[in-house]
Amino acid sequence: MNSNQSLRLVERGMGMYIHIPFCKQKCIYCDFPAYQNLQDYYDTYLYALLQEMTLFKEAYPESGDILIDTVYFGGGTPTELSILQLEQIIDHIKSLYHLADDCYFTIESNPGEVTRDYLVGLRKLGFQRISFGVQTFNNEALQMLRRSHTGEEAIEAVKMAHDVGFPDINIDIIYGLPNQKGADIEETLRIISSVPINHVSTYGLQVEEGTYLYHLVNTELLSLPDEDSEEQMYETIIGGLEKLGFERYEISNFAKDGAYSAHNLKYWHDSDYLGFGAGAHSFYKGVRRENNRNVMPYARTVDNYELPIVQEEVISKDRAMEDYSFLALRTKWGLSEKRFYEKFGISLALKYSDVLATLINQGLIVYEAGVYKLTKEGIKRGNYVFTHFI
Ligand code: SF4
């Protein structure tokens, strides 16, 4: 998918997200709705997922007329399901919703958990993009994080996906891991340069409350790199990816040859999307919804013919303008005066005159030809910039 195709999808239709909350094992840093050892419930969950789609369509019949042009299976680990189970989900989506003929399908997966035959099966189902949770190629670190794979398996998985014809392959990389050194990042970059991928998502490790990692760090059983070392790792990976020909098109996302994540572009442009599954979020007609993240309560609710929504928020115009502004600033396309006016009927300069002037004075954003963009320093201090809009 090239740059123009990706951007066209932002404007053309709506995205759909399907959450599969199962994993082979739980990583110590993970606070997503993702659970291990629930194999006995996969069929129950599948039934509930299909039922939720049906219930949503009954509650919002007009949603069936809107063109869906990206479908993203995330998790958890969606490839925990069999090809047959994934096919059932896709068939059900097609029976209820208006999928574009060229709808762009993405699936997340973990290395070491997919065979060549399975990948061939995914291609036959129409998946064009696969996103592997690699995180690091260092086996010691992978073991410490309780990842289910080795660095060698990650390389192997990417090569297999390429061999069976996936045009778009992403890997996720985390930096700032406990005991991580700069040399490890250099090694990551060396491996990235040798594998057939066209997208990298990279994040600093977050220590989320309630995770096992949080406990280990708080009891000083594990220590994180200090701020300077983490900053150095950040600089190394960002600079290294750019040298390898990956374009930074969003704060944490890098693509080669315009292979942007078509589905995520919709989030960053604050477009509508439907989300199904335990813990899934949606943004539809000005309302954000969040589903119950616990598998059995989710399934029981749906079984009682109720939508499993636990939170619903009508987004005010002010809130929509805030969200749009900082999401747009995250991307290389920036915050455009023209687009803002077209979307909200208000001048950006009027709405945020003080904020924009302050951020320009602080050297965190620049203004060029009707568009505000983050500077290099602004990217680094993204959260500080974004709070100004809220
Ligand atoms: S594989 Fe991903 S979703 Fe599953 S536990 Fe690990 S980090 Fe969480």
Side-chain angles (χ1 to χ4, degrees), residues 17-42 45 49 72-82 85-86 106-115 118-119 122 127 129-158 161 169-178 180 188 197 199-217 222 224 252-253 261 263-264 267 275-281 290-295 298:
Y17 175 81
I18 310 292
H19 191 76
I20 307 297
F22 307 122
C23 288
K24 194 170 166 190
Q25 61 192 47
K26 185 83 178 175
C27 308
I28 64 168
Y29 57 90
C30 177
D31 78 332
F32 301 137
Y35 311 96
Q36 62 179 15
N37 299 329
L38 288 187
Q39 287 80 356
D40 289 350
Y41 296 96
Y42 287 9
Y45 184 76
L49 185 62
Y72 190 106
F73 282 69
T77 313
T79 51
E80 274 288 291
L81 296 187
S82 67
Q85 287 169 322
L86 292 172
T106 301
I107 191 160
E108 292 179 352
S109 183
N110 278 328
E113 298 178 17
V114 280
T115 62
Y118 187 92
L119 292 171
L122 291 179
F127 286 97
R129 186 170 192 270
I130 188 160
S131 176
F132 287 112
V134 169
Q135 319 312 357
T136 171
F137 294 95
N138 180 315
N139 286 336
E140 242 172 78
L142 286 166
Q143 222 176 355
M144 180 262 301
L145 296 172
R146 229 177 151 252
R147 299 284 309 169
S148 63
H149 57 90
T150 63
E152 292 73 24
E153 284 171 331
I155 296 170
E156 175 68 17
V158 166
I169 302 174
N170 171 65
I171 63 170
D172 290 341
I173 294 291
I174 302 181
Y175 59 88
L177 300 172
Q180 194 170 37
T188 299
I197 55 173
H199 197 283
V200 177
S201 300
T202 185
Y203 309 89
L205 179 69
Q206 299 293 317
V207 182
E208 305 287 355
E209 212 174 323
T211 59
Y212 189 48
L213 176 66
Y214 184 85
H215 163 75
L216 294 175
V217 170
L222 271 185
L224 299 172
S252 306
N253 287 279
S261 166
H263 183 80
N264 288 344
Y267 298 151
F276 297 112
H281 292 242
E290 183 185 340
N291 279 354
N292 196 320
R293 58 186 278 149
N294 299 305
V295 171
Y298 162 84

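Given the structure is predicted, the values throughout are model-derived calculations rather than measurements. The residues of the chain are indexed from 1 along the displayed sequence. One-based numbering, in listed order, for ligands and for the atoms of each.
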C30 N/O/S atom closer than 2.8 Å to atom 6 (Fe) of ligand 1
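C30 does not place any N, O or S atom closer than 2.8 Å to atom 6 (Fe) of ligand 1.
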Mind running side-chain hydrogen bond (donor to acceptor under 3.5 Å, both in side chains) on Y175 and Q180 for me, showing each step along the way?
CA-CA 8 Å; Y175 59 88; Q180 194 170 37; over 6 Å; no
Before giving the answer on ring-ring contact (aromatic ring centres under 6.0 Å, His included), spell out for Y35 and Y41 the whole-Å C-alpha distance, their side-chain angles and the decisive distance to 0.1 Å.
CA-CA 11 Å; Y35 311 96; Y41 296 96; over 10 Å; no
Ring centroid separation for F73 and F127, is it under 6.0 angstrom?
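They qualify: ring centres under 6.0 Å apart.
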Whether [X] lies under 4.0 Å from ligand 1, heavy atom:
X	result
R147	yes
Q25	yes
G76	yes

Quick one: look up the protein heavy atom nearest [atom] and list residue, atom name and how far away it is.
atom	result
atom 5 (S) of ligand 1	C27 N, 3.4 Å
atom 7 (S) of ligand 1	Y29 OH, 3.5 Å
atom 1 (S) of ligand 1	N110 ND2, 3.2 Å

Of the backbone atoms (N, CA, C, O) and the side-chain heavy atoms from C-beta on, which set of A34 has a member under 4.0 Å from an atom of ligand 1: side chain, backbone, both, or neither?
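It is the side chain that touches ligand 1; the backbone stays farther off.
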Just verifying a value: how many Å separate E108 CD and Y72 OH, rounded to the nearest 0.5 Å?
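Output value for this atom pair is 3.5 Å.
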Counting backbone and side-chain atoms alike, does C23 have an N/O/S atom under 2.8 Å from atom 4 (Fe) of ligand 1?
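It does; at least one qualifying atom falls short of 2.8 Å.
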Could you check whether atom OH of Y42 has more than 12 heavy atoms from other residues, nucleotides or ligands sitting under 6.0 Å from it?
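Atom OH in Y42 is crowded, with more than 12 foreign heavy atoms closer than 6.0 Å.
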Do I173 and F137 make a side-chain contact, defined as non-hydrogen atoms from C-beta onward lying under 4.5 Å apart?
yes
For S148 and N110, what are the C-alpha separation, side-chain angles and deciding distance, and is it a side-chain hydrogen bond (donor to acceptor under 3.5 Å, both in side chains)?
CA-CA 8 Å; S148 63; N110 278 328; 4.6 Å; no
